[in-house]
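To keep things clear, I will list the structure first and then write my remarks on it.
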Amino acid sequence: MVKGLNLNERPYCILNTAMSIDGKIATIQGQIELSSEEDWKRVHRLRCEVDGILVGINTIISDDPKLRIKYFERKSGKLYRIIVDSNLRIPLKSNVLNFEIEKYPTIIITTQNAPKEKEEKILDIDPDNIKIIRCGNGPRVDLKLMARNLKSLNINKILLEGGGTLNFSMLANKLVDEIRVAIAPYLIGGKNAITFIEGEGFINENEIIKANLIKKEMCGNCLVLYYRIKY
Ligand SMILES: NC(=O)c1ccc[n+]([C@@H]2O[C@H](COP(=O)([O-])OP(=O)(O)OC[C@H]3O[C@@H](n4cnc5c(N)ncnc54)[C@H](OP(=O)(O)O)[C@@H]3O)[C@@H](O)[C@H]2O)c1
């Protein structure tokens, strides 16, 4: 059994996703708009309540999101964009490295394997607002070490916004506390289309993660389900 970290060692984590009725978060070709405007407002309100948004590098490469706040203003503190990228594959022109970087500083979590030259090129963009932290020897980022590092930076609450591969690893490491799933009334299909939770999957009954439904609401055309994880 994987041992979890206490909340005094890691940030509280809410996993939020928008998916189709059949559990897809993208088509076989990649990004698709699943959320209604009302649901986006719910997500942006949630972004105001956290210290950081965490996403995997494939999401950055495929969607180039800005990971900013629209519609609302944060009351205090900065919102960090946190990217998990084992080998620093991040494109230098990515929005998370260039768009409103003073307002939304970016932290890239990588491994000891990542090339030093790429690190220098990334930091050259804005050394004051971009930070690179190496967590583990790879091949992938050590997510527990990442969680401890984020906590030490006073990042106490994070919003995990996918994709499916990182969602699975975060759950497998017992680093997620809540799940909010917006189910959009679409059917996408395609066995190679990314689902909400990817990774190698759990096999034994005692590994399967259980959750309690704590709330449900309609946000435009999306049904949003709120769950608390039971580890
Ligand atoms: N509808 C939605 O709400 C939503 C939200 C987000 C994304 N998406 C979609 O999801 C798709 C991307 O999802 P994805 O599953 O392919 O990728 P992802 O979760 O965005 O990124 C996964 C990558 O992160 C890196 N990584 C580093 N350490 C890791 C660790 N310990 N565990 C897991 N990953 C680690 C790995 O790449 P390296 O080995 O190179 O580091 C891994 O392949 C896109 O098509 C995007 O449009 C949809």
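Quick caveat, the model's predicted, so the values are computed rather than measured. Order of listing sets the numbers, starting from 1, for every ligand and every atom in it.
Protein heavy atom at the shortest distance from atom 31 (N) of ligand 1 is V141 O, 3.0 Å.
In summary, the atoms of ligand 1 found under 4.0 Å from a heavy atom of T17, numbered by their order in the structure, are 2 (C), 3 (O). Within ligand 1, counting atoms from 1 as listed, the ones closer than 4.0 Å to a heavy atom of L166 are 19 (O), 33 (C). The contact set between ligand 1 and A26, taken as ligand atoms under 4.0 Å from a residue heavy atom, comprises 45 (O). Taking every heavy atom of R89 and a limit of under 4.0 angstrom, the matching atoms of ligand 1 come to 37 (O), 38 (P), 40 (O). If you number the atoms of ligand 1 from 1 as listed, the ones under 4.0 Å from a heavy atom of V84 come out as 24 (O), 25 (C), 26 (N), 27 (C), 28 (N), 29 (C), 35 (C).
Where the criterion is an N or O separation shorter than 3.5 Å, residue side chain and backbone included, E161 fails it with respect to ligand 1. Any N or O atom pair closer than 3.5 Å counts here, and E198 shares no such pair with ligand 1. Backbone and side-chain nitrogen or oxygen atoms of G164 are examined, and one is located within less than 3.5 angstrom of a nitrogen or oxygen of ligand 1. Here's the thing with L143: none of its N/O atoms is less than 3.5 angstrom from an N/O atom of ligand 1.
V55 does not count as a contact of ligand 1, since none of its heavy atoms falls under 4.0 Å from the ligand.
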One pair to check against salt bridge (Lys or Arg N to Asp or Glu O under 4.0 Å): E100 and K66. What are the steps and the verdict? CA-CA 9 Å; E100 295 188 358; K66 295 193 174 85; over 6 Å; no
